[in-house]
Protein chains: 2
Amino acid sequence: MDTKEIAIKLSKKGLRVTPQRIAILSAIIKLDNHPTAENILEYINKEHPNISLGTVYKVLDSFIEANLLNKVKTESGKMRYDPLLTNHHHLYCGKTHRIVDYEDEKLDGLLLEYFNKKRIRNFKIQDIKLQITGTFKN
Amino acid sequence: MDTKEIAIKLSKKGLRVTPQRIAILSAIIKLDNHPTAENILEYINKEHPNISLGTVYKVLDSFIEANLLNKVKTESGKMRYDPLLTNHHHLYCGKTHRIVDYEDEKLDGLLLEYFNKKRIRNFKIQDIKLQITGTFKN
DNA sequence: ATAATTGCAAAAGCTTTGCATGGCC
DNA sequence: GGCCATGCAAAGCTTTTGCAATTAT
């Protein structure tokens, strides 16, 4: 995804287009690794040595506000950022702490069906996310 | 659960029995609310005004080490502590931030069966936890 | 006796905030 | 031009750490 496309994405969400925002959103998409704020800063500092960590956080917040990203909570308590907006789950690698998206419509259907039948007392479900922990084999 | 039972629980896990540890473990069980370290301190300070937050954290770590508790990661990044050791999932209330345990063997069976058939490429599953977000109705 | 635990205070992360400067629309 | 975003530094919060004093086994 090139600069122009990113700029359009920002505009469409009513966000001002700045070099910082373009760099940060590009980084998250390119890294494709659910990076932390720190990871993003490291990556963009190669090309934009002047962007500060504070700005990264502020930009990330504005992206979340605008529904361009979601936060992912981790074992360590550090937040990571996920640009995949469609419904999905996560695979957590216990060894490398890699987080990989897991999309599975059939599974979602199964869960939907299950919870349509078996209601939970006094609870209205909005969303179900699976945290699948394990290890990658290669 | 009274003091004696708690003391035995600690001993069995090879942990030294101290008033602090008894107070903290009792508090978590009585509160039954996946409390934070701060919540626990508030609760026990009524009876033990001298226990410090640092000690609470150290004791919680020793409990996790000994498999008496698990950590629960939350939206806000604060850790909460869960004394239920059998396999279970969590209901997250978006309004009150209440976390309630959800045990469902049938669901676990369904998931096991599903992932036995549909393997995930290059990934060995160790555990699956559902994060069910929504709201309580009452 | 001795090895582990506690309390206190300091420090360490990660994230947020304030405010003057600069840049986008 | 006006308002919003940025940079820098400071502050905030939760959690961890260090160490001397105390306590459990």
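The chains referred to below are lettered A, B, ... by the order of the sequence lines, with proteins before strands, and numbering in each begins at 1. All heavy atoms count here, side chains included; hydrogens, waters and symmetry mates do not.
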Donor + acceptor pair across side chains of Tyr43(A), Asn33(A) (<3.5 Å)
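Not at all, the side chains of Tyr43(A) and Asn33(A) share no donor-acceptor pair under 3.5 Å.
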Any donor-acceptor N or O pair under 3.5 Å, side chains His34(B), Asn39(B):
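No, no side-chain donor-acceptor contact under 3.5 Å.
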For [X] and [N], give me the distance from atom [atom1] to atom [atom2], rounded to whole Å.
X	N	atom1	atom2	answer
Lys73(A)	dT14(D)	NZ	P	17 Å
Leu10(B)	dA4(C)	CG	P	17 Å
Leu15(A)	dT6(D)	CG	P	10 Å
Tyr57(A)	dA5(D)	OH	P	20 Å
Lys58(B)	dA10(C)	NZ	C1'	12 Å
Ile8(B)	dA24(D)	CD1	C1'	17 Å
Lys78(A)	dA12(C)	NZ	C1'	12 Å
Asp61(A)	dT6(D)	CG	P	12 Å

Please pick, from dT5(C), dT16(C), dC25(C), the nucleotide with the shortest atom-to-atom distance to any side-chain atom of Arg21(B).
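In terms of side-chain proximity for Arg21(B), the closest of dT5(C), dT16(C), dC25(C) is dT5(C).
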Phosphate oxygens OP1/OP2 of [N]: is one of them under 4.0 Å from a side-chain N or O of [X]?
X	N	value
Asn50(B)	dT6(C)	no
Arg16(B)	dA3(C)	no
Thr55(A)	dG7(D)	yes
Thr18(A)	dA5(D)	no
Gln20(B)	dT23(D)	no

Could you label the plane-to-plane angle of the Phe123(A) and Phe136(B) rings as parallel, tilted or perpendicular, counting under 30° as parallel and over 60° as perpendicular?
perpendicular
Between the opening five pairs and the closing five pairs of the helix from dA1(C)-dT25(D) to dC25(C)-dG1(D), how far apart are the helix axes, to 10°?
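What I find for the helix from dA1(C)-dT25(D) to dC25(C)-dG1(D) is an axis angle of 40°.
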Testing Glu105(B), Glu103(B), Lys129(B) for side-chain hydrogen bond (donor to acceptor under 3.5 Å, both in side chains) with Asn87(B), which one passes?
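Exactly one pass, corresponding to Lys129(B).
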Base, sugar-phosphate or nothing for Leu53(B)? Non-hydrogen atoms, less than 4.0 Å.
base
